[in-house]
There are 2 protein chains.
Amino acid sequence: MTRMTDTHTTLALRLLQVTDDFRAGLSGELSAVHGISVNEFLLLLHLERSAANRLSRVDLAKRMHVSASTITRMAAPMEKIGLVDRAADARDARLVFVVATEAGRKRLSEALATFSKRAGYLFSDRWEDQEVDRFASMLRRLMAGSGDTLA
Amino acid sequence: MTRMTDTHTTLALRLLQVTDDFRAGLSGELSAVHGISVNEFLLLLHLERSAANRLSRVDLAKRMHVSASTITRMAAPMEKIGLVDRAADARDARLVFVVATEAGRKRLSEALATFSKRAGYLFSDRWEDQEVDRFASMLRRLMAGSGDTLA
DNA sequence: GCATATTGCTTGCAAACGCAAGCTATTTGC
DNA sequence: GCAAATAGCTTGCGTTTGCAAGCAATATGC
């Protein structure tokens, strides 16, 4: 019992550490090469992978673990530089959808290439393909109750 | 090639998602129950697991992936409430070490129990012990070049 | 040894974020 | 149908953070 508790604790700490490392490196390259932050990248990715290629602000907020006001304030500059647009709902006048523009989808695609490159650096040198597959399915189990996810 | 690239990308996205979920939940309980943030918790943990139970500010900054100014500004309120103290180096007058007080170590120990509990929630219901062990060793490989780590 | 470079730390400023309050639009209870 | 509750969004305010500049102490080059 104590042993597994410690193992779980170690595992969670390593998870935080590895993810923070990856995120820090990604952040630098995304902003330097593509001019967007990690959160802006993830926002575009959420849009791309949503059912109708558009999401309301509260929906985005829940998926991204940020407050609704953060989405409002993230979307504003992204609208200004033409990465996203806003759209109203025909039935519910409260909803304000965030929609990716053509430029936004292009930017996402470029940024995704950077993301994939870094993911490759992280895993391909150190894990066998078989391990990667196994790990991916294990992680999917962890996300079981997580609602709408990116992957 | 393309297949594994996609797999790596998916894996990295899941890693971000799972870790963000965990961190969000942890953040709420740490601040509500123990009155500290995740970063304050990690700062105390870094101190506890360092060689001499003390670390300079730039050293802490590197380990925590934050700027040096953030450490300065995190340490100030923690000193005020008596969780950490500052100590000078005998040989190098530039160094200002951060040291955990007795109260700081106690607080860490309590917060670590919360952390472990949540780590248990995350893993124990969904993974076999054998999988947990295997995953831990895989993650350790990912941290190979990461310098000083927590686990 | 002395000028120069580097290192550790702090501070001013601006960007990003959460919370609470407020506004409008929709839903619910009766 | 109508009052009350709820949901979606935005804005004000305080907190946290990074970057760049600045200051003091140490290391380096000659």
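Heavy-atom basis, side chains included; hydrogens, waters and symmetry copies ignored. Residue numbers begin at 1 in each chain, while the letters A, B, ... track the order of the sequences.
The side chain of A:T72 approaches D:dC9 more closely than any other nucleotide in the set C:dT26, D:dC9, C:dC9. For A:S67, whose side chain is taken as the heavy atoms from C-beta onward, the closest listed nucleotide among D:dC9, C:dG18, D:dT17 is C:dG18. The side chain of A:V58 lies closest to D:dG8, out of C:dC9, C:dG18, D:dG8. Considering only the side chain of B:R57, C:dT10 comes nearest among C:dT10, C:dC17, D:dC9. Here C:dG8 is the nucleotide among D:dT26, C:dT26, C:dG8 with the atom lying nearest to any side-chain atom of B:L95. Here C:dA25 is the nucleotide among C:dA25, D:dT26, D:dC19 with the atom lying nearest to any side-chain atom of A:R94.
A donor-acceptor contact under 3.5 Å links the side chain of B:S69 to the base of D:dC19. One N or O donor and one acceptor, one from the side chain of A:R73 and one from the base of D:dG12, sit under 3.5 Å apart.
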Next on the checklist: Between B:R107 and B:E40, is the salt bridge (Lys or Arg N to Asp or Glu O under 4.0 Å) condition met? List the steps.
Outcome noted: CA-CA 11 Å; B:R107 188 77 66 95; B:E40 288 170 334; over 6 Å; no
Next on the checklist: Show, in sequence, the C-alpha distance, side-chain angles and deciding distance for A:F115 and B:L16, and conclude whether the side chain to side chain contact (heavy atoms under 4.5 Å, CB included) test is met.
Outcome noted: CA-CA 12 Å; A:F115 183 95; B:L16 287 176; 3.8 Å; yes
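Note: CZ (A:F97) to P (D:dT10) measures 13 Å, nearest angstrom. Atom pair A:R91:CZ and C:dT27:P shows a separation of 10 Å (rounding to whole Å applied). One can place CG of A:L60 at 13 Å from P of C:dG18, the figure rounded to the nearest angstrom. Atom CG in B:L43 sits about 15 Å away from atom C1' in D:dT17, given to the nearest Å. Between the P atom of D:dT16 and the CG atom of B:L42 lies a distance of 16 Å, rounded to the nearest Å. One interatomic measurement links the two molecules: CE of B:M74 to C1' of D:dG18, which rounds to 14 Å at whole-angstrom precision. Regarding B:L30, its CG atom lies at a distance of 17 Å from the C1' atom of C:dG18, rounded to whole Å. Across the protein-nucleic acid pair, A:N39 atom CG and C:dA15 atom P stand 17 Å apart, rounded to whole Å.
Taking side-chain N and O atoms only, B:R86 has a distance below 4.0 Å to OP1 or OP2 of C:dT10.
Comparing A:H65 and A:A93, the nucleotide of DNA chain C nearest to each residue sits closer to the 5' end for A:H65. Place A:D92 and A:E40 on DNA chain C by their nearest nucleotides, and A:E40 ends up nearer the 5' end.
Residue contacts shown for B:S37 are absent, as no nucleic acid heavy atom lies under 4.0 Å away.
The aromatic rings of B:H8 and A:F123 are tilted relative to each other, their planes meeting at an angle between 30° and 60°.
B:T10 and B:T7 form no side-chain donor-acceptor contact under 3.5 Å, judged by distance and modelled atom types alone.
Atom OG1 of residue B:T19 and atom CD of residue A:Q17 lie 11.5 Å apart, to the nearest 0.5 angstrom.
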